[in-house]
Amino acid sequence: MSVTSHATKFAAPRTDAAGRIALIGLTLPEMIAALEEHGLPKFRAKQVWHWVYHRGVTDFEAMTNLPRDLRDTLIEKFSIERPGVMTEQKSTDGTMKWLLVMADGQQIEMVFIPESDRGTLCVSSQVGCTLTCRFCHTGTQPLVRNLGPHEILQQIMYARDVLGEWPVAGEKKDANQGRDLTNIVLMGMGEPLYNYANVAKAMQICMDEEGLGISKRRITLSTSGVVPQIVQCGEELNVNLAISLHAPNDAVRSEIMPINNKYPLADLLDACRNYPGLSDNRRITFEYVMLKDVNDSDDQARELAQLLRGIPCKVNLIPFNPWPNSPYECSSGNRIHAFARILNGEGFDAPIRKTRGQDILAACGQLKSESQRAKPTT
């Protein structure tokens, strides 16, 4: 990572309730600048960066290669806070869900899905959601606010705390073997591309080999189709892309996903075709929730195949996960398999996603918190 010159001006860093400067969420140049304000040299800032992001310490006392007086300064002037935890739930299938509390009291949910060959952390990008997709529980919670880069990173860092997955001295930085948490998906609460600047900053720290050290090939950003930021995301982050599609035509998609009125399918798929790095070895994932008598007919399967023709992709078929008072039913197992067979026959990889964490409302489309936007005072 290149180091910005000392002349660079940065926005004022965040402070906690005690007035200490919060280090999580700062880039290396920002951390250098913040520590230099208190007389700490650049090489010490690099050591602190390593302890915070690569080793995941939660106590400055653990930074054992720093002198005593420097650690005292860090304790007095800086913080490396984690989010608060309201609840932790564990499904019968091993899926874990946390209700996390941010410094201002707002709440978000985060989910960890263990599998035989990987472990995926589903990270939120907003409190609530600005979209109103009719099949999604999160969409029933109006947007409260965007999450900052620090709050996105705090989710990943807290999960590593719980799973005991911070590297130890001497371990290779890119080692994933033996770890439970291997993959990140920005697929929790919120629309990541409506909070792109904060998501991008968090992911750049996440992908930094001297930071969290998670490869871009192990990070997937899921969007409902915010067209202007799709190619930008590919150019700047180059992470894997997933599209919440859920319909084979504009009429059905606009009915269940109002964002389609702003960014119709022709524009969305044009952005997908131009996603940087797209190839048969690096495909886009199209997410398709199966809704009974809405988007699950044989004709709609054939229409979907025609729509996606020529785009290197796979189609994840997702059985609809019900939530209280949801307006839809899940397609039958036979109908989902018939839909998949048609797509397979048209040359598409169309796996049926196994529902995980449904008993704790941790499955796709089920996340929600009780946070509400504060009413204006008069």
Side-chain angles (χ1 to χ4, degrees), residues 1-4 13-14 22-32 45-46 48-58 80-83 98 100 102 108 110-113 118-126 146-167 171-177 179-223 229 232-242 276-277 282:
M1 174 179 285
S2 62
V3 177
T4 304
R14 295 179 304 109
L23 294 182
I24 294 176
L26 299 185
T27 64
L28 179 56
E30 289 171 337
M31 193 174 292
I32 289 171
K46 291 181 178 179
V48 173
W49 164 280
H50 178 84
W51 281 109
V52 170
Y53 288 128
H54 185 66
R55 300 288 293 277
V57 300
T58 58
I80 44 177
E81 78 283 13
R82 293 292 196 265
W98 297 275
L100 304 179
M102 303 296 102
I108 58 167
M110 175 180 72
V111 173
F112 175 67
I113 305 167
R118 69 180 63 192
T120 302
L121 187 69
C122 189
V123 174
S124 292
S125 57
Q126 295 178 312
N146 287 331
L147 294 180
H150 60 293
E151 293 166 319
I152 297 168
L153 289 166
Q154 283 174 332
Q155 294 174 67
I156 303 168
M157 297 170 81
Y158 176 74
R160 276 192 169 175
D161 292 345
V162 173
L163 297 170
E165 300 220 326
W166 290 104
E171 184 180 37
K172 290 178 65 177
K173 295 186 175 77
D174 61 351
N176 279 298
Q177 187 174 3
R179 291 190 188 165
D180 291 327
L181 198 171
T182 61
N183 292 61
I184 304 294
V185 291
L186 288 150
M187 203 179 289
M189 295 170 58
E191 166 53 64
L193 294 187
Y194 275 147
N195 186 22
Y196 178 72
N198 289 337
V199 166
K201 183 177 181 182
M203 289 303 100
Q204 285 160 350
I205 293 171
C206 187
M207 294 184 292
D208 193 304
E209 288 185 358
E210 298 295 332
L212 298 188
I214 299 174
S215 167
K216 63 185 179 182
R217 294 294 184 262
R218 293 181 175 272
I219 298 174
T220 299
L221 184 145
S222 177
T223 176
Q229 272 69 54
Q232 180 185 8
C233 172
E235 291 174 343
E236 296 179 356
L237 299 179
N238 202 220
V239 296
N240 300 318
L241 181 67
R282 190 159 188 244

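Heavy atoms only, all atoms of each residue included: C233 and V239 are closest at SG-CG2, 4.0 Å. The two residues C122 and G188 have their closest heavy-atom pair at SG-N, 3.5 Å. When every heavy atom of T220 is checked against every heavy atom of A242, the shortest pair comes out as CG2-CB, 3.8 Å. Shown here for W49 and L28, the closest heavy-atom pair between the two residues is CZ3-N, 3.0 Å. Nearest heavy-atom pair across P276 and R282 is O-NH1, 3.9 Å. Taking each heavy atom of G190 and S125 in turn, the nearest pair found is C-OG, 3.7 Å.
Ring geometry for H50 against H54 counts as tilted: the plane angle lies between 30° and 60°, on a 0 to 90° scale.
No side-chain donor-acceptor contact under 3.5 Å links Y53 to the backbone of C206. Distance alone, capped at 3.5 Å, places no donor-acceptor pair between the K216 side chain and the L237 backbone. Although no hydrogens or angles enter the test, the distance criterion places no donor-acceptor pair under 3.5 Å between the side chain of S222 and the main chain of M187. No donor-acceptor distance shorter than 3.5 angstrom exists from the side chain of Q126 to the backbone of N195, with no hydrogens or angles considered. The backbone N or O of D180 lies less than 3.5 Å from a partner atom in the side chain of E165, making a donor-acceptor pair. Without hydrogens or angle criteria, R82 side chain to D161 main chain gives no donor-acceptor distance under 3.5 Å. The backbone N or O of G119 lies less than 3.5 Å from a partner atom in the side chain of T182, making a donor-acceptor pair.
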Would W51 and I80 satisfy side-chain contact (heavy atoms from CB on, under 4.5 Å), going step by step from the backbone distance to the final call?
CA-CA 10 Å; W51 281 109; I80 44 177; over 6 Å; no

Take T223 and E191 through the side chain to side chain donor-acceptor pair (under 3.5 Å) test and state the conclusion after the steps.
CA-CA 6 Å; T223 176; E191 166 53 64; 2.9 Å; yes

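Here the CD atom belonging to E30 is positioned 7.0 Å from the CD1 atom belonging to I205, to the nearest 0.5 angstrom. With rounding to the nearest 0.5 angstrom, the OG1 atom of T27 is 9.0 Å from the CD atom of Q204. Taking CG of L181 as the start and CD1 of I156 as the end, the distance is 8.0 Å to the nearest 0.5 Å. Put simply, CD on E81 and OG1 on T58 are 11.5 Å apart, with the number rounded to the nearest 0.5 Å. The CG atom of L221 sits 8.5 Å away from the CE atom of M203 when rounded to the nearest 0.5 Å. Atom CG of D208 sits about 11.5 Å away from atom CD1 of I214, to the nearest 0.5 Å.
By the 4.0 Å N-to-carboxylate-O rule, E151 lies too far from R14 to be salt-bridged with it.
Counting heavy atoms from C-beta on, the side chains of F112 and V162 never come closer than 4.5 Å. The shortest side-chain heavy-atom distance between W166 and L212 falls under the 4.5 Å cut-off. The shortest distance between side-chain heavy atoms of R118 and R218 does not fall below 4.5 Å. Residues Q155 and I184 fail the side-chain proximity criterion, which asks for heavy atoms closer than 4.5 Å.
Of the candidates V111, I152, L147, V185, V123 forms a side-chain contact (heavy atoms from CB on, under 4.5 Å) with just one, namely I152.
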